[in-house]
Amino acid sequence: MLSKRSLVGVRWNVRTLAVLFFMLMGIQAFAQDSSVDSSDEAVSAGKTLFDTNCKTCHRLDTKLVGPALRGATERQPIDNVKSFIKNSQALIASGDSYANDLYAEYGNTQMPAHMFLSDDDLNNLLSYIEYGDKADPAAAAAAAGTEGAAGAATTGGGIPNEYLTVILAVLVVVLLLILVVLGLIISVLTKYLNKQELDEDDKEFVSQKFEAGKIFKSDGFIIIVTAIVIALVAKTALDGLYSVGVQQGYAPKQPIAYSHKLHAGTLEIECQYCHTGVEIGRSANIPSPNICMNCHTHVQNVQGAEGVSPEIQKIYDAVDTNTPIEWVRVHNLPDLAYFNHSQHVKVGGIECQTCHGPIQEMEVVGQHSALTMGWCIDCHRKTEIATEGNAYYDKLVQIHADSKDALKVKDIGGLECAKCHY
Ligand code: HEC
Ligand code: HEC
Ligand code: HEC
Ligand code: HEC
Ligand code: HEC
Ligand code: HEC
């Protein structure tokens with residue numbers, strides 16, 4: 001009887017292992033799906049395309065007009081890298097935060113579109129980007145040192161894809177070996193039991209065949225599948241929740257057709273001339289009609305037009321009746337969060353455009369950044385503090401001198417809840 005029980009145990013283990021095996025094959029397929037072809041043909045086809053279309057602005061391991069490209073497929077999903085190469089402006093306009101951050105980081109330099117590239121071309125380009133010109137490992141290592149930190153920050157750490165694949169492959173091999181050994185044990189046990197005196201029941205049990213269908217009915221399989229489905233549903237729900245209240249792209253119609261493109265762009269009026277608060281306090285301030293009147297007492301219309309422009313008449317009406325112009329607020333953090341302009345603009349030395357986008361090109365102002373907590377934190381993780389010429393930081397710089405990483409906002413408490421929440 002002991003032998004029969006152990007046979008049951010072994011059979012059960014075979015079933016569980018088989019389930020695990022199929023799952024790993026599934027995950028493996030996933031990992032494979034998103035990796036880049038490293039074959040020589042693909043790399044050399046990619047090099048030709050790269051040399052004719054990209055070389056003026058890019059190198060693999062050093063920064064030129066655009067970023068060093070090696071590792072690009074790890075910094076954002078492969079499909080996004082492809083869309084970026086085909087038409088970066090479309091991806092940026094879609095609000096993708098990685099693309100927008102990168103665009104801002106490179107001073108809003110527009111990378112030309114490459115709509116003519118086929119999907120094969122794109123795959124070959126990626127092969128070259130990731131596996132081409134490996135001859136210079138020193139340069140690659142140096143680049144990995146500087147670019148690696150940024151890459152890790154944007155992907156949020158985690159196990160790099162290639163390690164994951166290796167680990168999975170090893171696991172699959174080990175599982176296969178165990179399966180084979182268990183199979184051998186079963187056949188030996190079966191043979192042995194068949195030689196014994198057995199009653200009908202036991203005989204039937206011993207000679208039953210292994211059925212694949214049973215795997216799908218086994219508890220282990222059902223539990224694992226349920227867990228995967230729950231995880232997927234939860235992720236979708238969370239993604240949805242995170243975008244609740246995010247107003248990126250919001251560009252309401254304003255009561256007066258005031259244009260930043262004309263005033264801040266063409267006429268080159270300083271932002272601070274109207275947004276008087278940015279360097280001194282928390283709020284940037286929206287200008288009162290009096291500030292408009294500094295010029296519009298004289299300027300009654302656009303050059304060459306007759307009479308008073310109806311839009312400018314609205315300014316006069318507001319001043320005459322002493323009623324404020326009811327500008328529609330575009331950017332609005334919830335009350336629970338504290339944001340201070342002077343801290344960022346005056347102390348931090350950050351350009352308005354980094355957060356607000358190319359305002360001087362906007363006819364109507366729209367919200368450029370997501371303004372989520374993740375957005376604030378992400379920048380605080382990545383951004384170095386402008387310590388130069390700021391005596392306030394001298395001490396801190398000395399203390400920090402031993403560390404090889406630059407002093408980032410996170411190091412001065414930029415990730416502490418209480419700094420941003422009351
Ligand atoms: C005129 C210069 C220019 C050319 C030509 C150009 N790029 Fe770019 N590329 C840039 C700039 C600048 C950026 C940084 C993002 C931005 O400002 O839009 C960039 C970003 C990228 C990125 C994102 C990098 C990252 O770290 O994620 C990829 C990928 C890329 N380029 C691939 C290509 C490929 C492939 C080609 C050729 C088919 C190409 N680029 C041609 C200027 C250029
Ligand atoms: C001549 C005055 C003037 C100048 C110069 C000016 N602005 Fe404005 N700005 C306004 C007015 C008026 C509004 C409110 C109406 C609107 O949203 O268009 C505004 C709105 C904004 C908003 C949206 C505020 C909200 O409701 O969230 C931002 C952001 C902004 N300006 C940034 C800038 C930047 C950056 C510059 C410099 C490149 C600049 N402004 C230059 C007058 C000005
Ligand atoms: C430093 C001077 C200056 C200030 C301050 C200024 N403007 Fe202007 N604005 C001008 C000039 C100059 C023009 C005409 C440009 C042209 O001739 O094309 C103009 C044009 C306009 C127009 C276009 C009129 C039309 O018929 O299309 C509007 C609307 C306007 N301004 C609104 C405002 C508002 C609102 C403010 C205050 C928030 C303001 N401006 C502040 C200089 C100024
Ligand atoms: C670090 C990112 C950042 C920078 C840099 C920045 N802003 Fe803002 N700005 C914000 C955020 C976040 C809000 C929303 C604030 C709120 O709702 O409390 C905002 C709001 C505004 C508003 C609406 C009124 C207000 O104060 O809430 C104006 C106008 C404005 N910014 C103008 C500017 C100008 C002009 C500059 C450059 C001199 C600038 N900002 C630089 C992030 C930034
Ligand atoms: C573009 C980058 C950037 C973004 C986006 C940004 N910050 Fe900052 N923030 C900085 C920098 C740089 C400093 C450091 C300024 C200095 O030298 O004190 C800073 C400092 C701060 C501080 C002071 C931290 C301390 O320990 O003294 C607070 C609070 C803060 N930010 C809040 C916010 C909030 C809230 C948001 C989002 C609504 C935000 N920041 C978005 C760059 C950014
Ligand atoms: C750099 C600034 C910053 C820091 C640091 C920060 N937050 Fe936030 N937090 C924000 C901003 C901005 C929002 C509002 C964003 C939004 O509405 O999407 C927010 C929103 C929240 C919310 C409300 C979420 C919602 O959807 O209403 C909670 C809860 C929260 N933060 C908790 C925390 C905790 C806990 C910490 C510390 C571990 C922390 N925050 C650190 C800036 C910050």
Side-chain angles (χ1 to χ4, degrees), residues 97 100-101 104-105 247 250-289 291-296 299 315 318 324-388 390 392-393 396 407-422:
S97 69
N100 274 290
D101 289 351
E105 192 188 332
Q247 300 270 346
Y250 176 57
K253 191 171 186 299
Q254 298 291 350
I256 298 181
Y258 165 81
S259 162
H260 277 82
K261 191 175 179 206
L262 173 64
H263 291 84
T266 314
L267 299 174
E268 295 182 347
I269 309 172
E270 293 283 326
C271 312
Q272 279 84 341
Y273 182 92
C274 292
H275 300 295
T276 50
V278 277
E279 294 206 337
I280 47 181
R282 176 182 170 185
S283 168
N285 292 351
I286 300 296
S288 73
I291 294 185
C292 314
M293 287 302 279
N294 289 347
C295 300
H296 285 290
V299 184
I315 306 176
I325 301 167
E326 291 185 7
W327 302 110
V328 183
R329 195 174 171 117
V330 182
H331 300 77
N332 209 350
L333 288 177
D335 290 342
L336 55 87
Y338 172 82
F339 177 84
N340 186 314
H341 269 94
S342 78
Q343 173 104 51
H344 290 87
V345 176
K346 185 103 189 278
V347 188
I350 302 174
E351 302 267 334
C352 316
Q353 283 78 358
T354 308
C355 298
H356 291 299
I359 293 271
Q360 71 287 352
E361 292 164 16
M362 296 181 193
E363 236 11 287
V364 178
V365 177
Q367 182 177 322
H368 176 78
S369 305
L371 261 59
T372 55
M373 179 162 135
W375 174 71
C376 315
I377 300 262
D378 201 42
C379 182
H380 286 185
R381 283 221 177 94
K382 290 196 294 216
T383 309
E384 289 174 26
I385 301 172
T387 48
E388 218 153 293
N390 190 338
Y392 179 79
Y393 285 125
L396 212 65
L407 195 63
K408 306 263 173 65
V409 184
K410 66 177 165 62
D411 301 319
I412 59 162
L415 303 187
E416 285 166 23
C417 318
K419 289 278 169 79
C420 304
H421 294 293
Y422 303 102

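When a ligand or atom number is given, it counts from 1 through the structure's own listing order.
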Distance to 0.1 Å, residue and atom name: give those for the protein heavy atom nearest to [atom].
atom	result
atom 36 (C) of ligand 5	Cys376 SG, 2.9 Å
atom 14 (C) of ligand 4	His331 CB, 3.8 Å
atom 29 (C) of ligand 5	Lys419 O, 3.2 Å
atom 28 (C) of ligand 4	Ala284 CB, 3.4 Å
atom 16 (C) of ligand 5	Tyr393 OH, 3.0 Å

Check your understanding: Between Gln254 and Val328, is there a donor-acceptor pair closer than 3.5 Å when you use the side chain of the first and the backbone of the second?
Key -> yes
Pull out every atom of ligand 2 sitting under 4.0 Å from any heavy atom of [X], numbered as shown with elements.
X	answer
Glu270	5 (C)
Val330	25 (C), 26 (O), 27 (O)
Gln254	15 (C), 16 (C), 17 (O), 18 (O)
Ile269	5 (C)
Cys352	35 (C)

Exercise for review: Output yes when the distance from some N or O of ligand 5 to some N or O of His380 is under 3.5 Å, and no in every other case.
Suggested key: yes
Practice item. Might you check, step by step, whether the distance between atom 20 (C) of ligand 4 and some protein heavy atom is under 4.0 Å? Key: yes
Review point. Looking at atom 8 (Fe) of ligand 5, is one of the N, O or S atoms of His344 less than 2.8 Å from it?
Key: yes
Review point. Any N/O/S atom, backbone or side chain, of Cys379 lying under 2.8 Å from atom 8 (Fe) of ligand 5?
Key: no
Revision key, fill the gap. Heavy-atom nearest pair, Val365 first then Pro252, reads O-CD, 4.3 Å
Revision key, fill the gap. Minimal heavy-atom distance between His380 and Leu415, with the atoms involved, is CB-CD2, 4.1 Å
Would you check whether [X] has a nitrogen or oxygen atom less than 3.5 angstrom from a nitrogen or oxygen atom of ligand 2?
X	result
Gln353	no
His356	no
His275	yes
His260	yes
Ala264	no

Can you tell me which portion of [X] lies within the under-4.0 Å heavy-atom range of ligand 4? Options are side chain, backbone, both, or neither.
X	result
Leu333	both
Ser283	both
Glu351	backbone

**Study point:** 2.8 Å cut-off met by an N, O or S atom of Cys355 to atom 8 (Fe) of ligand 4
**Key:** no
Exercise for review: Show which atoms of ligand 4 fall inside a sub-4.0 Å distance from at least one heavy-atom site of Val278.
Suggested key: 33 (C), 34 (C), 35 (C), 36 (C), 38 (C)
Study note, to complete from the structure: Within 4.0 Å of some non-hydrogen atom of Ile350, the atoms of ligand 4 are 5 (C)
Practice item. Answer side chain, backbone, both or neither: which part of Cys271 comes under 4.0 Å from ligand 2, heavy atoms only. Key: both
Review point. Does some non-hydrogen atom of Arg329 fall short of 4.0 Å from ligand 4?
Key: yes
Exercise for review: Decide whether the shortest distance between a heavy atom of Thr354 and an atom of ligand 4 is less than 4.0 Å.
Suggested key: no
Review point. Just going by heavy-atom distances, which of Tyr258, Trp327, Tyr250 is nearest to atom 42 (C) of ligand 2?
Key: Tyr258
Study note, to complete from the structure: Restricting to heavy atoms, the pick from Val365, Ile286, Ile359, Ile315 nearest atom 24 (C) of ligand 2 would be Ile286
